[in-house]
Number of protein chains: 2
Amino acid sequence: MVTKGNAFDPNCPTRTILDRIGDKWTVLVVLSLRSGPLRFTELRDGIGRVAPKVLTQTLRRMERDGLITREVYPEIPPRVVYTLTPMGASLIEPISVITDWAETHVPAITRAQQRYDEPA
Amino acid sequence: MVTKGNAFDPNCPTRTILDRIGDKWTVLVVLSLRSGPLRFTELRDGIGRVAPKVLTQTLRRMERDGLITREVYPEIPPRVVYTLTPMGASLIEPISVITDWAETHVPAITRAQQRYDEPA
DNA sequence: CAGCATCCGTGCAGATACTG
DNA sequence: CAGTATCTGCACGGATGCTG
């Protein structure tokens, strides 16, 4: 069985995962941390145009979920390092399945869209 | 390589896929149609609390993407049947990878959240 | 039956400015 | 440096009512 049948339950915890995977920044953070821990600014610069507030929200939620750890070094200037936990790292696989699927089917999807958008 | 490095491009087509997978209703439609074609109302009833407008939007977008087909029988009363295309059906695999991951890790995530939310 | 048209509320992304 | 504080806007989900 693909799903235990509770995927239709609005409160199904699987939904939470889908939300995370579907979240733009969460995925990018995982991929960014794939090759090692990074500081806040390094993440920010690597990811591109992301407001600090939004990045912070994303990181806090991921920390809460146990996907990353957050280590604060009380220096001046402060240094905070984010690291993928084993669980966080295990997300890379599902993500790569999705991206593989995407790269395989995107051309067909694009064609389907064009066909759909063509003359009425 | 997990990603071709363009996952960070805001216009990366892979993002579109992530958005679809992350979309609550799209996933439920795929799972609903897994065992055969369904009519609009059947989908609506099976999925649960979803506004017709939202379901229609979801179905149109999926049709446009080539994930489902929409057949209209000009009868009275009208009958419209939605069917998973081969491409749409191929989405079940990635989805099941996600749900498998979810079912494996949800307990750990829940525990992590509780630990995080505990005494300040 | 299968939807379209319309309206509403609002959650939330994002920009900007400031601080320990 | 690594955030917090504050404001804005608008995309989007959802409810309701109508129609071919």
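Convention: sequence-line order gives letters A, B, ...; per-chain numbering from 1. Everything quoted here is computed from the prediction, not taken from an experiment.
Salt bridge absent: A:D19 and B:K24 never bring a charged side-chain N and a carboxylate O closer than 4.0 Å. A salt bridge links B:R64 and A:D117; the closest N-O separation between the charged side-chain nitrogens and carboxylate oxygens is under 4.0 Å.
Side-chain atoms of A:E103 never come within 3.5 Å of backbone atoms of A:D100 as a donor-acceptor pair (strictly under, hydrogens ignored).
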Short N/O separations, protein against nucleotides 9-15 of chain D, under 3.5 angstrom:
| from | atom 1 | to | atom 2 | distance (Å) |
| --- | --- | --- | --- | --- |
| D:dG14 | N7 | B:K53 | NZ | 3.2 |
| D:dG14 | O6 | B:K53 | NZ | 2.2 |

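To the nearest angstrom, C1' of D:dT4 lies 10 Å from CZ of A:F40. In this structure, A:L59 atom CG and D:dC1 atom C1' are separated by 14 Å, rounded to whole Å. Here D:dG3 presents its C1' atom at 16 Å from CD of A:E75, a figure rounded to the nearest Å. Rounded to whole angstrom, the span from the CZ atom of A:R61 across to the C1' atom of C:dG11 amounts to 13 Å. In this entry the distance linking CD1 of A:I47 with C1' of D:dA2 reads 15 Å, nearest Å. C:dG3 atom P lies 8 Å from atom CG of B:L55, rounded to whole Å. Protein atom CD1 of B:I76 is 8 Å distant from nucleotide atom C1' of D:dG20, rounded to whole Å. Between the P atom of D:dG3 and the CZ atom of A:R39 lies a distance of 10 Å, rounded to the nearest Å.
Here the side chain of A:P77 is nearest to one of D:dC1, D:dA2, C:dC4, namely D:dC1. With D:dG3, C:dG20, C:dC1 as the choices, the nucleotide that has an atom nearest any side-chain atom of B:P78 turns out to be C:dC1.
Checking the phosphate oxygens (OP1, OP2) of D:dC1, no side-chain nitrogen or oxygen of A:Y82 falls inside 4.0 Å. Residue A:R70 has a polar side-chain atom (N or O) positioned under 4.0 Å from OP1 or OP2 of D:dG3. Between A:T41 and D:dA2 there is a side-chain N or O to OP1 or OP2 distance below 4.0 Å.
Contact check for A:I21 versus A:L91: side-chain heavy atoms found under the 4.5 Å cut-off. The side-chain heavy atoms of A:Y73 and A:V81, taken from C-beta on, include a pair separated by under 4.5 Å.
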Could you check B:D65 against B:M87 for side-chain contact (heavy atoms from CB on, under 4.5 Å), going step by step and ending with a plain yes or no? CA-CA 9 Å; B:D65 289 345; B:M87 181 159 67; 5.8 Å; no
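Of all heavy-atom pairs between A:S90 and B:W101, the closest is OG-NE1, 2.9 Å.
At a threshold of 4.0 angstrom between heavy atoms, the contacts of A:R44 with the nucleic acid are absent.
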